[in-house]
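Take a look at the structure set out below.
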Number of protein chains: 2
Amino acid sequence: MPRPSEPTRARIVQAASALFYNEGIRRVSVDEVAAKAGLTKRTLYYHFKSKDDLVAAYLAARDQPNLALFRTWFAEAEGGLPAKVEAIFKNLARSARHPKWKGCGFLRTSAELANLPGHPAIRIGAAHKKKFEDWLRATFAEQGIADPLKLARQILLLLDGSFAVVLLHRDASYMETAGEAARTLIETALAKPRRKRG
Amino acid sequence: MPRPSEPTRARIVQAASALFYNEGIRRVSVDEVAAKAGLTKRTLYYHFKSKDDLVAAYLAARDQPNLALFRTWFAEAEGGLPAKVEAIFKNLARSARHPKWKGCGFLRTSAELANLPGHPAIRIGAAHKKKFEDWLRATFAEQGIADPLKLARQILLLLDGSFAVVLLHRDASYMETAGEAARTLIETALAKPRRKRG
DNA sequence: TTGTGTATATTCACTGGTTAGTATACATAC
DNA sequence: GTATGTATACTAACCAGTGAATATACACAA
């Protein structure tokens with residue numbers, strides 16, 4: 001087992017993240033990543049066995065920070081469940097108004113690599129979205145919502161829909177519209193009987 | 001004014017559409033498109049001034065047929081407004097279960113070209129989605145819904161969200177879940193007073 | 001009917017640049 | 001003196017776009 005040089009590896013992932021997110025995966029060459037990381041391509045290939053491997057590392061590094069951000073926005077919001085979920089959308093809208101914002105890296109990667117269904121990076125993206133969905137589901141279940149998985153998936157659909165739509169139109173207000181829809185769905189679910197709907 | 005050779009041009013767009021949709025825009029070379037169309041690259045460049053021009057033509061060719069399909073699904077569905085909108089999602093789920101399905105070409109293009117915000121192809125995609133949104137808005141307005149634009153945008157968010165999520169997970173059942181959410185939102189909007197909500 | 005000019009349409013062969021990945025050698029640490 | 005880590009220099013393929021020549025069709029004059 002080789003002991004990997006973590007600072008170097010981390011520096012490469014950081015450079016790759018910035019370039020892949022800003023320019024697109026197929027647009028960015030391994031040479032560019034190496035140059036941005038301040039080392040040669042050959043060194044990069046010492047730490048990563050292929051470009052695909054590097055792409056997977058780029059998304060893996062985004063997994064936990066992204067989830068933590070969503071959880072923080074939820075936890076710090078005032079109000080009940082609908083307001084706390086809607087706060088995620090409001091915070092996301094604020095992020096999306098930053099000029100460097102370019103959508104969701106996981107979704108954009110799955111769109112760009114749609115011809116390679118089993119690609120490691122796509123698997124990491126799918127796992128990331130599943131974790132978010134499961135966190136929402138558990139949160140809804142705690143609140144006694146009748147079908148927490150379905151509601152979690154509907155919120156996820158609105159969230160990922162707003163990533164896609166805002167990227168296309170460059171109009172972050174769609175995220176607030178999605179937040180209102182999420183609020184409506186949650187309020188409707190809360191108004192239903194706790195066990196199973198009839 | 002040159003008289004363009006329409007059959008040749010159409011054949012190129014057809015070849016480009018299949019390749020760009022299946023493999024991704026940056027993955028596909030102009031040589032591949034020319035080969036698939038049965039002519040040389042130089043001939044292709046007689047009909048299109050650049051690859052970007054060809055990408056724009058690929059999406060422009062999908063605009064009207066896609067909209068017509070949605071309108072047909074809506075028109076042919078039984079039941080009231082919620083059921084007719086939900087029918088769009090059900091039909092989309094059926095399409096998405098086809099093994100060659102790879103998401104929404106407009107959204108995937110905007111994801112792949114996110115580093116080129118003003119790209120002609122992105123403009124065509126944005127216009128396409130606006131047309132769909134406006135058709136929904138007009139339909140909702142006819143039914144006396146209080147805020148038809150907001151509801152239309154929420155349905156669009158669910159639709160584009162299902163494109164993104166189903167592409168990532170390769171699980172078309174998310175489209176049916178999105179359809180249920182759409183139904184809930186429309187039923188809630190129909191239950192509200194017709195003019196403005198208080 | 002035949003010749004000729006012109007715009008449309010197509011091909012071959014090429015350029016200059018880029019790309020993922022590698023063979024080999026060298027450095028550094030312990 | 002051996003593991004780890006870095007750099008130089010290279011390959012073989014690919015890629016967007018172009019220069020120059022040619023083929024085809026059709027209008028119109030002789």
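Here is how names work: the chains are called A, B, and so on, in the same order as the sequence lines, proteins then strands, and each is numbered from 1. The analysis underlying the following values was restricted to heavy atoms, covering all of them including side chains, and did not include hydrogens, waters or symmetry mates.
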Does [X] place a side-chain N or O at less than 4.0 Å from the phosphate oxygens OP1/OP2 of [N]?
{"X": "A:T8", "N": "D:dG5", "result": "no"}
{"X": "A:T43", "N": "D:dA7", "result": "yes"}
{"X": "A:H47", "N": "D:dT4", "result": "no"}

Separation of [N] [atom2] from [X] [atom1] (nearest whole Å):
{"X": "B:L39", "N": "C:dA9", "atom1": "CG", "atom2": "P", "answer": "13 Å"}
{"X": "B:Y46", "N": "C:dC12", "atom1": "OH", "atom2": "C1'", "answer": "18 Å"}
{"X": "B:L54", "N": "D:dC15", "atom1": "CG", "atom2": "C1'", "answer": "14 Å"}
{"X": "B:F48", "N": "D:dA16", "atom1": "CZ", "atom2": "P", "answer": "15 Å"}

Is A:E187 salt-bridged to A:R183, going by a charged N under 4.0 Å from an acidic O?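 Salt bridge: yes.
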Assess whether a salt bridge exists between B:E112 and B:R108, defined as any Lys/Arg side-chain N lying under 4.0 Å from an Asp/Glu carboxylate O.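 So B:E112 does not pair with B:R108 through a salt bridge.
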Assess whether side-chain hydrogen bond (donor to acceptor under 3.5 Å, both in side chains) is satisfied between A:D52 and A:S50, documenting all intermediate values. CA-CA 5 Å; A:D52 287 337; A:S50 66; 4.9 Å; no
Does the structure show a Watson-Crick or G-U wobble partner for D:dA3, both distances under 3.5 Å? Name it, or say none.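 Result: none.
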Could you check which nucleotide pairs with C:dT28 in any of the strands shown, counting Watson-Crick or G-U wobble with both distances under 3.5 Å?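 For C:dT28, the partner nucleotide comes out as none, under the 3.5 Å rule.
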Are B:L136 and B:L149 connected into the same hydrophobic cluster when the rule is that any two of I, L, V, M, F, W, Y join if their side-chain heavy atoms are below 4.5 Å apart?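 No, B:L149 does not connect to B:L136 through the hydrophobic network.
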Write out all pairs satisfying ring pair (Phe, Tyr, Trp, His ring centres under 6.0 Å) with one or both partners inside residues 89-123 of chain B, taking only residues at least two apart or from two chains.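 Output for this query lists B:F106-B:H128.
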Would you give a per-nucleotide map of nucleotides 17-30 of chain C, 5' to 3', where B means the base has a protein non-hydrogen atom under 4.0 Å away, S means only the sugar-phosphate does, and - means neither? --SBBBBB------
Please test B:F70 against B:W135 for ring pair (Phe, Tyr, Trp, His ring centres under 6.0 Å), starting from the C-alpha separation and ending with a verdict. CA-CA 10 Å; B:F70 288 144; B:W135 168 69; 7.7 Å; no
